[in-house]
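In each ligand, atom 1 is the first atom listed, and ligand 1 is the first ligand listed.
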Amino acid sequence: MAKSMSQPVAKSVAWIASLLLFVGGFYTSPGQAGDAAVASPEPLATAVAVEVLERGGNAVDAAVAVAFTLAVTLPDAGNIGGGGFMTLSMNGATAFLDYRETAPAAAHRDLYLDANGDVMSEASLTGHRAVGTPGTVAGLWAAHQRYGSLPWASLVAPAIALARDGFDTPAWLVSYAEDIRERFSGTTNFERYFGELRAGELFAQPELARTLEHIASHGQDGFYRGAVADAIVAEMERGDGLITAEDLADYKPVWRRPLSAAWRDYELVTAPLPSSGGFAIIQFLKMRDLLTSAFAGLAHNSPQYLHLKAELEKRIFADRARYLGDPDFVDVPLRSLLTENYLRERIATVNPIEPSITESVRGGLEPRHTTHFSILDFDGNAVSNTYTLNTDFGSGVVVTGAGFLLNNEMDDFSAAPGQPNYYGVVGDEANAIAPNKRMLSSMAPTILRRDGKVAMVVGAMGGSTIFTTVYQVIVNLEDYAMDPRDALAATRVHHQLYPVNTITYSPTTPLPEATVAALQERGYVVIPHDWEFGNVQLITVDAEGTVRAASDHRFQGRASVLAR
Ligand code: GLY
């Protein structure tokens, strides 16, 4: 059936933990041309990637191993019960893999409306009916089938060891689980699996280990058919969920043409629909360059800079809300939305002084989790991967007996086209629920290439803040000549059309009071974002070939550069 179906390589957790000594910090010293690099949101996952690359694995091998490891060590967002996107530069060519969840065949556009036609706000967020058919395992399998060089089972093995033997529970995981417990209480089995976490104590997940063993032995079929699929279907039946055995057996990831654009000296390669992320980054960067004279000389994060940025964000989010959805279901005029003529029309209405009046179109307000990792191998191949359960710990539903969390990605659909949903967002037709349709995303795994070679691998978490974050990192590096550490450390600022004229900033690195006051004078509401966003994982390769890696210091990740 598949290549590389050998038995898992025996791994012990002690051995994986010993590798932590060799992985870097948030930021590591620059490497040299030809070095490899990893930036991931969790240290054990970075250690696993380092080991795979040093064993001769390529960027996809490392990505597969990291993704399975994060499903164990970062259970709030790493997953096998969710979905995601992978942007690749392999052997000189680019590719994009869509392994987004799909609406189960029984889903319909009024799924989250009550008898009066009102949105049942929690139904798309918590519990069994919030779950889309997972895509992660099929996606990782497809990537490995096309590009993998090491045996599949050997790449799942570190995750199996960490699930079976356990790892020291970090304090952040205890606190994340405590924060969410109340929301899931009484409606899901979350407490049973994540209710006993204690910082510093071993956290073993034997059911998850067995699930991963099925996947190691049987590849994609180990998840979508057989015992694990049966457990998912049984879990759905317990909680009135929609996913059936047919949904699982029918799930297919899609190789799509990546969205790409020439931008300055770069070929920018990023996520196409059903993500809005790539579209948004291209609109952002191109509109900014069309406004070069307006931006010229502006200090980083000065009031005028932030005002102009918010003007661009307003227009991007309005387009996102109006037009974007799954391209297999709706016609999206994407090319038209990215032409220079169109973008010139859009910037013509930018108000240089005051916030433009927010029109009756609306933007997306999305919830907070998702996770990203970036990998560069010794041959210059790169993987930029963002995957998600949607919000922290997804739907809160753990597949009983199989030990993994299921997503609540159904909330990324517009619950009721034409009516505000739980977050005050009015959904549009293009993103209405339909059977087997993919919900609109903001994920933006991105690669920049210079002369056909990888120059940057970047992505972030955080719902609708994802692409505004990626944009800021690119601009910090390119226009403000920051090094990767400073580009990530700088205060991040976000606006998304609604709430009206509201600008939010990273809560742990606030804007200076004088900047806040100057923006308030122009009519903006300027407040800290409700939660820390970004968790950017960045790799850069400069024109001389110097490799740098950085992991967002606001979170728990690790970056590592591996000498050739
Ligand atoms: N669930 C977050 C996103 O896909 O944008």
>> Once side-chain hydrogen bond (donor to acceptor under 3.5 Å, both in side chains) is applied, do any residues pair with Arg183, and if so which ones, sequence neighbours excluded?
In response: Thr126
> Between Met439 and ligand 1, which part of the residue brings a heavy atom under 4.0 Å of the ligand: side chain, backbone, both or neither?
Replying inline: neither
>> I want to know whether Phe223 and Phe404 have ring centres closer than 6.0 Å.
In response: yes
> Should you measure from each heavy atom of Met443, which atoms of ligand 1 turn up under 4.0 Å away?
Replying inline: 3 (C), 4 (O), 5 (O)
>> Applying a heavy-atom cut-off of 4.0 Å, say which part of Met461 lies close to ligand 1: side chain, backbone, both or neither.
In response: neither
> Looking at Thr370, which atoms of ligand 1 are within less than 4.0 Å of one of its heavy atoms?
Replying inline: 2 (C)
> Taking only residues two or more places apart in sequence, or in another chain, which ones meet Tyr471 in a ring pair (Phe, Tyr, Trp, His ring centres under 6.0 Å)?
Replying inline: Phe284
> Looking only at atom types and distance, does a side-chain atom of Thr73 sit under 3.5 Å from a main-chain N or O of Leu44, one as donor and one as acceptor?
Replying inline: no
